2 protein chains.
Amino acid sequence: MSQFDTKTRILDAGEHLFARDGFHNTSLRAITSLAKVNLAAVNYHFGSKEALLQAVIERRLLPLNQLRKKQIDAVLAAAAATGAAPSAKALLRAFIEPTLAFRSAGPGAQDFIALIGRSMSEPDETVRNCFIGLVLPNFRLFFESLQLALPQLPSAVLMARVQFTLGAMSHVMCTSHKPIINDPSAPKPLDDTTLIEQLLQFVTSGLEAPQ
Amino acid sequence: MSQFDTKTRILDAGEHLFARDGFHNTSLRAITSLAKVNLAAVNYHFGSKEALLQAVIERRLLPLNQLRKKQIDAVLAAAAATGAAPSAKALLRAFIEPTLAFRSAGPGAQDFIALIGRSMSEPDETVRNCFIGLVLPNFRLFFESLQLALPQLPSAVLMARVQFTLGAMSHVMCTSHKPIINDPSAPKPLDDTTLIEQLLQFVTSGLEAPQ
DNA sequence: CAGCGTTTCAAACGCGTGTTTTAATCGATC
DNA sequence: GATCGATTAAAACACGCGTTTGAAACGCTG
């Protein structure tokens, strides 16, 4: 068993358990036992539990951020080419779609999305700082692009509406698979593609609402 | 020092620390030391740490639920009197406004709102079950009323949009006081009243969006 | 095959946790 | 003022935690 296998298995197990139970409620013993590695392996390969969390988040979030930046830049470039302002919906799609579509990217991806969805309102600084530090540049670009799309909105209002958008998005990210109402009377949840389109429609309409 | 004082001081301290640090990251020693009571007092008066959490949530959520029900019922009654369908915005206001306005209700109220805002996506079942059990009847009434207001929406779509609404709302509840961007360049956050109106405008527009 | 850096392993360390225990103290009632 | 249940207090309990240790096993290189 090579080092690569061990590190990856620890990352996979950590991703799954951090997402399911939260950072503080997940023990290294649970992670190493799920990963079928020795307890000391986490500290040997990553240094600490906290550093493992950082590695878990970085592994997926760095590529995701790159993708989101690429798509936002593409929207901005297309708008610049025609001389028009970028459309809010296109920007929202560039930011939201890669994130949510990522859930179908493979086993563990859905866990990861739930993890970072929850990180946004995480009380613990360990988790929140790790997440916010990684996502901030991306968010800044997103916000500034939206200012171009909706120049008539005061920036404090736009910021509030972007926060609402993030809230709706993160809520979908961490709870879409466990509906609040579990009755037979409750409607069946939408499939992922429809859900993304509905979310886009919802937040676009909210962002563009008259003041 | 009477029993009442002790129990109340424990509830206040628990509310504050659970909201600030999360349930699992808050120790009974931190709570009892903040409340200036003996460590054993929590188990004596409440039975366990988990039962304390339940008491903390119930103390505020039961009256809040009553208020929300009263306001929703009032909107429904007013609509029934005129024979028209209730308006989505009035229902949203009846559900959202008491919750967010509650933050100004006194010291500890803001902590509490953050606590239940986060409970919605809490990974730990201890917290989530306690919260969901209390809020479910209220939520059901809210959802069924919205079906009257927006009868043209398929109920699965409406449910998704209501989830988006809850996400935006809970995100405001637990993060409005700590903005993501902390630059001098970042816009000043809105005051509470404006924030509530903006949230209402946002989610109304999203809920009523064309399909 | 010897030597050596890397990785795995079992065991233990120190610490903080929620809870329980046992005794002391309080406050109302007879 | 004595009595008795309710409350407070200090101490200890058993347990699980993240981390560290030191030796064993591995895999490569000469």
Side-chain angles (χ1 to χ4, degrees), chain A residues 1-59 115 119 122-130, chain B residues 1-59 115 119 122-130:
Chain A
M1 177 191 320
S2 76
Q3 171 196 359
F4 177 77
D5 285 334
T6 298
K7 283 185 80 161
T8 303
R9 287 220 308 279
I10 292 175
L11 285 171
D12 290 341
E15 176 173 77
H16 178 65
L17 294 178
F18 286 155
R20 199 190 62 184
D21 302 330
F23 178 68
H24 281 284
N25 213 17
T26 300
S27 71
L28 290 185
R29 283 163 178 83
I31 293 174
T32 53
S33 127
L34 176 63
K36 294 195 171 61
V37 301
N38 187 269
L39 168 61
V42 169
N43 283 276
Y44 176 77
H45 285 288
F46 297 93
S48 69
K49 184 186 177 183
E50 186 174 332
L52 169 62
L53 173 71
Q54 176 97 20
V56 164
I57 295 187
E58 278 186 3
R59 175 172 65 148
L115 176 61
S119 301
E122 179 71 37
D124 185 70
E125 293 205 347
T126 306
V127 185
R128 204 179 56 238
N129 288 343
C130 170
Chain B
M1 175 190 321
S2 76
Q3 171 197 357
F4 177 76
D5 285 334
T6 299
K7 283 185 80 161
T8 304
R9 287 221 308 279
I10 292 175
L11 285 170
D12 290 341
E15 176 174 77
H16 177 66
L17 294 178
F18 286 155
R20 198 190 63 184
D21 303 328
F23 177 70
H24 281 285
N25 214 17
T26 299
S27 72
L28 289 185
R29 283 162 179 82
I31 293 174
T32 54
S33 121
L34 176 63
K36 295 196 171 58
V37 300
N38 187 268
L39 168 62
V42 170
N43 282 277
Y44 177 76
H45 285 288
F46 297 94
S48 69
K49 184 187 178 186
E50 187 174 331
L52 169 61
L53 173 72
Q54 175 98 19
V56 163
I57 295 187
E58 279 186 2
R59 175 172 66 149
L115 176 60
S119 301
E122 180 71 37
D124 185 69
E125 293 205 348
T126 306
V127 186
R128 205 180 55 239
N129 287 344
C130 169

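So you know, we letter chains A, B, ... as the sequences are listed, proteins then strands, and number each from 1. As the structure is a computational prediction, the values presented were derived from the model and not from experiment.
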S.K.: Please examine the side chains of B:T6 and B:N38, heavy atoms only from C-beta on, and report whether any two atoms are closer than 4.5 Å.
M.R.: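 When only atoms from C-beta onward are counted, B:T6 and B:N38 do not touch, as no gap falls below 4.5 Å.
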
S.K.: Rounded to the nearest Å, what distance is computed from the CD1 atom of residue A:I10 to the C1' atom of nucleotide D:dG18?
M.R.: 14 Å

S.K.: Between B:T6 and D:dT7, is there a side-chain N or O to OP1/OP2 distance below 4.0 Å?
M.R.: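 The answer is no; no side-chain N or O of B:T6 sits under 4.0 Å from OP1 or OP2.
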
S.K.: Please determine if a side-chain N or O atom of B:S27 lies less than 4.0 Å away from the OP1 or OP2 oxygen of C:dT17.
M.R.: yes

S.K.: Looking only at heavy atoms, what is the nearest atom pair of B:L17 and B:T26, with distance?
M.R.: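 Shortest heavy-atom contact: O-OG1, 3.1 Å.
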
S.K.: Under a 4.0 Å heavy-atom cut-off, which of residues 48-55 of chain B touch DNA chain D?
M.R.: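 Contacting residues: none.
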
S.K.: If every non-hydrogen atom of B:A51 is compared with every non-hydrogen atom of B:F46, which pair is closest and at what distance?
M.R.: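 So the two residues come closest at CB-O, 3.2 Å.
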
S.K.: Using whole Å, what does the distance between atom C1' of nucleotide D:dA11 and atom CG of B:L28 come to?
M.R.: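 That distance rounds to 16 Å.
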
S.K.: Which heavy-atom pair separates A:I10 from A:A41 by the least distance, and what is that distance?
M.R.: CD1-CB, 3.9 Å

S.K.: Working to the nearest 0.5 Å, report the span between CG of A:L53 and CD of A:E58.
M.R.: 10.0 Å

S.K.: Please give, in whole Å, the distance from D:dT8 P to B:F46 CZ?
M.R.: 11 Å

S.K.: Give B:T26 one of three labels, base, sugar-phosphate or nothing, depending on what nucleic acid heavy atoms sit under 4.0 Å from its own.
M.R.: sugar-phosphate

S.K.: Within the 4.5 Å heavy-atom criterion, are B:D12 and B:R59 side-chain neighbours or not?
M.R.: yes

S.K.: Minimum heavy-atom separation for B:C130 to B:I57, with atom names?
M.R.: SG-CD1, 3.8 Å

S.K.: Might you list the N or O atoms of the protein lying below 3.5 Å from N or O atoms in nucleotides 20-23 of chain D, with each pair's distance?
M.R.:
none

S.K.: Rounding to a whole Å, what distance do you find between A:H24:NE2 and D:dG18:C1'?
M.R.: 12 Å

S.K.: Testing the basics here: between B:A35 and B:A13, what is the closest heavy-atom pair and its distance to 0.1 Å?
M.R.: CB-CB, 3.8 Å

S.K.: Could you tell me the separation between the CZ atom of B:F18 and the CG atom of B:L52, rounded to the nearest 0.5 Å?
M.R.: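 One finds 4.5 Å between CZ of B:F18 and CG of B:L52.
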
S.K.: Can you tell me how far P of C:dC9 sits from NZ of A:K36, to the nearest Å?
M.R.: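 Rounding to the nearest Å, NZ of A:K36 and P of C:dC9 are 13 Å apart.
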
S.K.: Please report, rounded to the nearest Å, how far the C1' atom of C:dG18 is from the CZ atom of B:F23.
M.R.: 10 Å

S.K.: Whole angstrom is fine here: how far is it from CZ in A:R29 over to P in C:dA12?
M.R.: 13 Å

S.K.: Just to confirm, is there a sub-4.0 Å distance from OP1 or OP2 of C:dT8 to any side-chain nitrogen or oxygen of A:H45?
M.R.: yes

